[in-house]
Structures are given as C-alpha cells and as structure tokens.
Amino acid sequence: MKHSSLLKRVLLASTFVSMLVSLYLVFVWVPVERQMGPVQKIFYFHVPSAWVAFIAFFVVFVASLMYLKTRLEVYDIIAGSSAQVGVVFTTIVLITGPIWGKASWGTWWTWDPRLTTTLILWFIYLAYLIIRNSAKGHEKNLRLAAVFGIIGFIDVPIVFMAVRWWRTIHPVVFEANNIGLPPSMLTTLMVCLLTFTLLYSVLLLKSMKIEQVERKLQNLISEALKAY
C-alpha cells in the first residue's frame with residue numbers, strides 16, 4: 001500500500017510538472033505559425049487529446065477481453081473507467097477540431113472522413129457507457145457491454161487511417177519518412193503527448209477508485225436492506 005501510494009504521488013507530481021512545462025512551451029517558447037497565427041497552438045491540445053482517446057479505447061478493448069476471459073470485476077472497472085476518460089478526450093477533440101478547422105479551412109465542420117469517423121467513435125463509446133451503466137451489476141449485461149467495447153475498437157484504426165485511405169482535407173502530420181513539423185514544434189508536441197498520457201493515467205486511477213468506492217457502497221446498502 002505504501003509503495004502504491006508513493007507511486008501515485010510521483011505520478012501526480014510528474015503530471016503537474018509536465019503540464020507546466022507544456023504550457024510554457026506552447027504559449028511562450030514555440031514560435032507562432034506564420035499562416036494560421038496563434039490559433040494554430042490549439043494543435044498541441046487537439047492531437048494529444050486524440051492520442052489519449054486512442055490509448056483509452058485500446059485499454060477498454062484489452063480489459064474487456066480480459067473480463068470475458070476471467071470474469072474478474074477489476075477488468076470491468078478498468079474498461080469502464082478508461083471509456084469514461086476516452087469519451088472526455090474525444091469530446092475535446094471534437095471541440096478543438098472545428099476551432100482549428102475554421103482558421104485552417106474556413107468552415108467549422110465538414111463531413112471529412114477523419115471528422116466523421118471520429119464523431120462515430122464518440123457515439124460508439126457513449127453508447128458503451130450507457131449499456132454498461134444500465135447493467136446494474138448483472139453479469140450478463142456486463143458481458144454485453146464488454147463485447148460492445150471490443151467491437152467498438154474497430155473504429156479506432158479506421159479513424160487513424162482515414163486520411164491515408166481516402167481523399168481528405170485533414171493533414172497527415174506524421175509520415176514514415178517525413179515529419180512535417182519544424183524541430184521546435186515537434187519537441188513541443190512530444191512533450192504535450194507525454195503530458196496528456198500522464199494526465200490520462202491520473203484520471204484513470206481516480207475514476208477506478210471512485211467506481212470501487214461506489215460498488216462497495218452499493219454492496220453495503222444491499223446487505224443492509226437484506227438484513228432489514
């Protein structure tokens with residue numbers, strides 16, 4: 001328990017320091033992009049949010065598989081908690097994307113393949129959370145939610161590859177042999193990716209703790225009602 005508590009404090013401190021460094025790099029150190037101006041800086045929040053959403057839904061995928069295999073409650077808690085965090089960051093992607101798009105493309109929204117598949121991804125995991133929250137602890141319903149979480153992950157690689165498979169106005173930032181960013185922008189983006197990944201870890205642990213407490217409370221209430 002002491003080691004676990006120490007690791008959590010280190011993780012929280014690392015996230016805080018990393019956030020301060022990221023904010024400094026984004027708003028002070030990295031140069032303003034010449035064509036788009038200051039609005040381009042939203043890129044450093046938009047891309048890491050998408051990265052974290054992908055990680056979160058991959059965790060849902062793996063934890064759901066493990067829950068179906070073992071029926072252990074901890075894997076269901078991990079999957080549900082990760083899905084909550086993933087939906088939050090996908091929401092950030094869908095908010096920051098149109099702001100960036102308005103400055104870059106002159107429109108708030110277009111049914112571009114990348115944008116459309118991202119919106120579908122948001123709906124998929126929102127539906128997953130609805131199914132899971134309606135399970136009320138029944139194993140059959142939790143299994144159904146796990147299956148939905150596994151199937152829903154199919155859209156993640158589609159979102160990632162959309163700009164490569166179809167003609168799209170969305171830029172491809174990373175290519176196999178070419179990274180279309182100056183060194184200062186690339187450094188800032190990498191630090192922001194690290195920061196958002198650490199933030200995801202903190203939020204995941206907090207969400208899991210909250211759900212564990214909620215389940216214990218529900219069990220105590222159920223036992224009290226039976227005794228009464």
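For reference, positions follow the sequence shown, starting with 1.
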For Ser81, the option from Leu204, Leu205, Val59 that meets side-chain contact (heavy atoms from CB on, under 4.5 Å): Leu204

Met19 atom CE, over 12 foreign heavy atoms within 6.0 Å: no

Please report, to 0.1 Å, the donor-acceptor pairs under 3.5 Å made by any side chain of residues 190-199, with sequence neighbours excluded.
| from | atom 1 | to | atom 2 | distance (Å) |
| --- | --- | --- | --- | --- |
| Thr195 | OG1 | Ser18 | O | 3.1 |
| Thr195 | OG1 | Ser18 | OG | 2.4 |
| Thr195 | OG1 | Ser22 | OG | 2.6 |
| Thr195 | OG1 | Val191 | O | 3.0 |
| Thr197 | OG1 | Trp51 | NE1 | 2.8 |
| Thr197 | OG1 | Leu193 | O | 2.7 |

More than 12 heavy atoms of other groups within 6.0 Å of Phe54 CZ: yes

Identified side-chain contact (heavy atoms from CB on, under 4.5 Å) partner of Phe58 from the options Val62, Val60, Ile55: Val62

For Arg132 against Ile77, the heavy-atom pair lying closest together: NH2-CA, 3.8 Å

Separation of Leu142 CG from Asp76 CG (nearest 0.5 Å): 4.5 Å

All pairs passing salt bridge (Lys or Arg N to Asp or Glu O under 4.0 Å) where residues 141-153 contributes a residue, at least two apart: Glu139-Arg143

Identify every side-chain donor-acceptor pair in residues 119-130 under 3.5 Å, counting partners at least two apart or on other chains, and give the distances.
| from | atom 1 | to | atom 2 | distance (Å) |
| --- | --- | --- | --- | --- |
| Trp122 | NE1 | Thr91 | OG1 | 2.8 |
| Tyr125 | OH | Gly149 | O | 3.2 |
| Tyr125 | OH | Phe153 | N | 3.1 |

Contact summary for His46 and Thr96, nearest pair of heavy atoms: ND1-OG1, 2.8 Å

Trp29 and Tyr24 aromatic centres sub-6.0 Å: no

Minimal non-hydrogen separation, Phe57 against Ala83, with atom names: CE2-O, 4.1 Å

